[in-house]
Amino acid sequence: MKTFITKGVCSSRITFETENNILTHVKFTGGCPGNLKAIAALVEGMPVDEVIKRLKGISCGGKPTSCADQLAKALQQNK
């Protein structure tokens, strides 16, 4: 299990696990629980590169990042 400390978003951290380049587990701490559980449910089982491609660069409100973008950054750092 890997942990990523987020920056600039409501969630404080993301824990995740990969196996053979597949995202197998995602959990956000803090933030909007329903939305973040939905993101986790949608991306679990996907190839890491596909998750990065889909989520990288998504912003939230006036912020330059989002919890989804932070997940993409976490996965990029741990490739």
Side-chain angles (χ1 to χ4, degrees):
M1 192 75 65
K2 296 176 182 156
T3 300
F4 179 81
I5 304 302
T6 60
K7 295 178 183 125
V9 295
C10 298
S11 66
S12 58
R13 81 182 52 161
I14 305 167
T15 54
F16 62 97
E17 195 165 7
T18 62
E19 187 176 319
N20 298 321
N21 203 39
I22 301 294
L23 188 56
T24 58
H25 173 82
V26 178
K27 182 181 178 194
F28 291 86
T29 301
C32 305
N35 289 335
L36 297 176
K37 285 180 185 177
I39 289 171
L42 290 169
V43 299
E44 286 177 359
M46 288 178 63
V48 168
D49 292 335
E50 184 65 22
V51 175
I52 293 168
K53 178 179 151 189
R54 290 180 184 214
L55 301 184
K56 185 177 178 181
I58 293 175
S59 62
C60 181
K63 300 175 188 176
T65 190
S66 66
C67 293
D69 181 56
Q70 290 291 296
L71 176 57
K73 289 179 183 198
L75 294 171
Q76 280 184 307
Q77 280 188 359
N78 288 281
K79 279 182 73 171

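Keep in mind that this is a model prediction, so the values were computed, not measured. In this chain, numbering begins with 1 at the start of the sequence shown.
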Q) Which side-chain hydrogen bond (donor to acceptor under 3.5 Å, both in side chains) pairs, counting each pair once, include a residue from residues 47-67, with sequence neighbours left out? A) D49-K79, E50-R54, T65-D69, T65-Q70
Q. Please, which pairs that meet side-chain hydrogen bond (donor to acceptor under 3.5 Å, both in side chains) have at least one residue in residues 26-46, sequence neighbours excluded?
A. none
Q: Among Ile, Leu, Val, Met, Phe, Trp and Tyr joined by side-chain contacts under 4.5 Å, find the other residues sharing a cluster with M1 and list them by chain and number.
A: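 M1 clusters with nothing; isolated.
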Q: Among Ile, Leu, Val, Met, Phe, Trp and Tyr joined by side-chain contacts under 4.5 Å, find the other residues sharing a cluster with L36 and list them by chain and number.
A: F4, I14, F16, L23, V26, F28, I39, V43, M46, V48, V51, I52, L55, I58, L71, L75
Q) Which pairs count as salt bridge (charged side-chain N to carboxylate O under 4.0 Å, His left out) when at least one residue sits in residues 4-23, sequence neighbours excluded? A) none
Q | Atom pair OG1 (T15) and NE2 (H25), whose distance is rounded to the nearest 0.5 Å | A | 4.5 Å
